[in-house]
Amino acid sequence: MTSTGLVFSPLSIVLAAVFCAAGGSKLAGAPAMRETAAHLRISPVTDRVVGALELAAVAGLLIGFWAVGLAIAASAGLALLMAGAVLVHRRVHDQLGRYMPALVLGLLAAANVVLLVLA
């Protein structure tokens, strides 16, 4: 941590960008997101709640540059969301390629937790 209290995490920026796009697309009801939700047997309301949670985590990651505890909580929340996504994909018997993005993003979010705790 610098003397100004700013904690810089490039991984937080990457996660914020990815989840801003994903969460925004879910909230906007983008056709691709609606199709994925239908395939996963997730209601449109639940899909939008997940999108809102993703956008809340984005806010936490960005504010977390000045309040590291918030970034840690946001990253942990994203890791849990992605663990849930993997389980939902497994529930519908998807192959690894369908849920690999959620798996990788969940691992990156968990890694971000560790990096932020060590900062």
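Here, residue 1 is the first one in the sequence, and each next residue gets the next number.
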Peer 1: Output all residues satisfying side-chain contact (heavy atoms from CB on, under 4.5 Å) with Val104, sequence neighbours left out; order by chain, then residue number.
Peer 2: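 Per chain and number, Val104 pairs via side-chain contact (heavy atoms from CB on, under 4.5 Å) with Met100, Leu108.
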
Peer 1: Transitively linked via ILVMFWY side-chain contacts under 4.5 Å: Leu53 with Val86?
Peer 2: yes

Peer 1: How long is the span from the SG atom in Cys20 to the CG atom in Leu15, to the nearest 0.5 Å?
Peer 2: 12.5 Å

Peer 1: What's the spacing between Glu54 CD and Arg48 CZ if we round to 0.5 Å?
Peer 2: 13.5 Å

Peer 1: Assigning hydrophobic clusters by single linkage (Ile, Leu, Val, Met, Phe, Trp, Tyr; side-chain heavy-atom cutoff under 4.5 Å), is Val18 placed with Leu11?
Peer 2: yes

Peer 1: Take His39 and Asp94, measure what side-chain contact (heavy atoms from CB on, under 4.5 Å) needs, and give me the verdict at the end.
Peer 2: CA-CA 10 Å; His39 166 74; Asp94 277 344; 2.7 Å; yes

Peer 1: Could you check if a side-chain atom of Leu105 sits within less than 4.5 angstrom of a side-chain atom of Leu78, using non-hydrogen atoms only?
Peer 2: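 The answer is no; the side chains never approach within 4.5 Å.
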
Peer 1: Quick one: CG on Asp47 to OG1 on Thr36, what's the gap to the nearest 0.5 Å?
Peer 2: 8.0 Å

Peer 1: With rounding to the nearest 0.5 angstrom, report the CZ to CD1 distance, Phe65 to Ile13.
Peer 2: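 One finds 4.0 Å between CZ of Phe65 and CD1 of Ile13.
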
Peer 1: Rounded to the nearest 0.5 Å, how far apart are NE2 of His89 and CG of Leu96?
Peer 2: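 One gets 11.0 Å once the value is rounded to the nearest 0.5 Å.
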
Peer 1: To the nearest 0.5 Å, what is the distance between OG on Ser12 and CG on Leu116?
Peer 2: 4.5 Å

Peer 1: Any link between Ile42 and Val50 through a network of hydrophobic side chains (Ile, Leu, Val, Met, Phe, Trp, Tyr) touching at under 4.5 Å?
Peer 2: no

